[in-house]
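A short write-up of the structure that comes next.
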Amino acid sequence: MTNLANRVSHEQANHAISCAAHSLVTEGFDVTHEDRNFVRSVLTGERTEAQFHQAIKARFDV
């Protein structure tokens, strides 16, 4: 498994996640602390893109 090629800093990840979460909440979605942490771990390279896809498939049964 490979990490994302364009990792970002924790600060950049936090800013991007904050903006995305605000938009999602505005549209009626629930964004949990766990969701934010998981996305942050992928953006910063702690987890791989493949792990992200596996987790999404498992969570939403697709």
Drop me the distance from [X]'s [atom1] to [Y]'s [atom2], to the nearest 0.5 angstrom.
X: Glu46; Y: Asn37; atom1: CD; atom2: CG; answer: 9.5 Å
X: Gln12; Y: His15; atom1: CD; atom2: NE2; answer: 9.5 Å
X: Glu49; Y: Leu43; atom1: CD; atom2: CG; answer: 10.5 Å

Which residue is it: Arg47, His53, Arg7? I am looking for the one with a side chain to side chain contact (heavy atoms under 4.5 Å, CB included) to Val42.
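Exactly one option meets the side chain to side chain contact (heavy atoms under 4.5 Å, CB included) with Val42, and it is Arg47.
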Single-linkage hydrophobic cluster Phe29~Phe60, side-chain heavy atoms < 4.5 angstrom:
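No, no single cluster joins them.
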Quick check: is Val31 connected to Val39 through a chain of hydrophobic side chains (ILVMFWY, heavy atoms under 4.5 Å apart)?
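Different hydrophobic clusters.
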side-chain hydrogen bond (donor to acceptor under 3.5 Å, both in side chains) evaluation trace for Thr32 with Glu34:
CA-CA 5 Å; Thr32 67; Glu34 180 181 275; 5.0 Å; no
Counting neighbours of CZ on Phe52 that are heavy atoms of other residues, nucleotides or ligands and sit closer than 6.0 Å, is the number greater than 12?
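Incorrect, the count does not exceed 12.
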Backbone of Asn14 reached by a side-chain donor or acceptor of Ser18 within 3.5 Å:
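Flag not set: sc Ser18 to bb Asn14 has no pair under 3.5 Å.
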Looking only at non-hydrogen atoms, find the nearest pair between Arg36 and Ala21 and report the distance.
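Heavy atoms of Arg36 and Ala21 come nearest at NH2-CB, 3.3 Å.
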I want to check something: taking the side chain as every heavy atom from C-beta on, are Asp35 and Leu24 in contact at a cut-off of under 4.5 Å?
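No, side chains not in contact.
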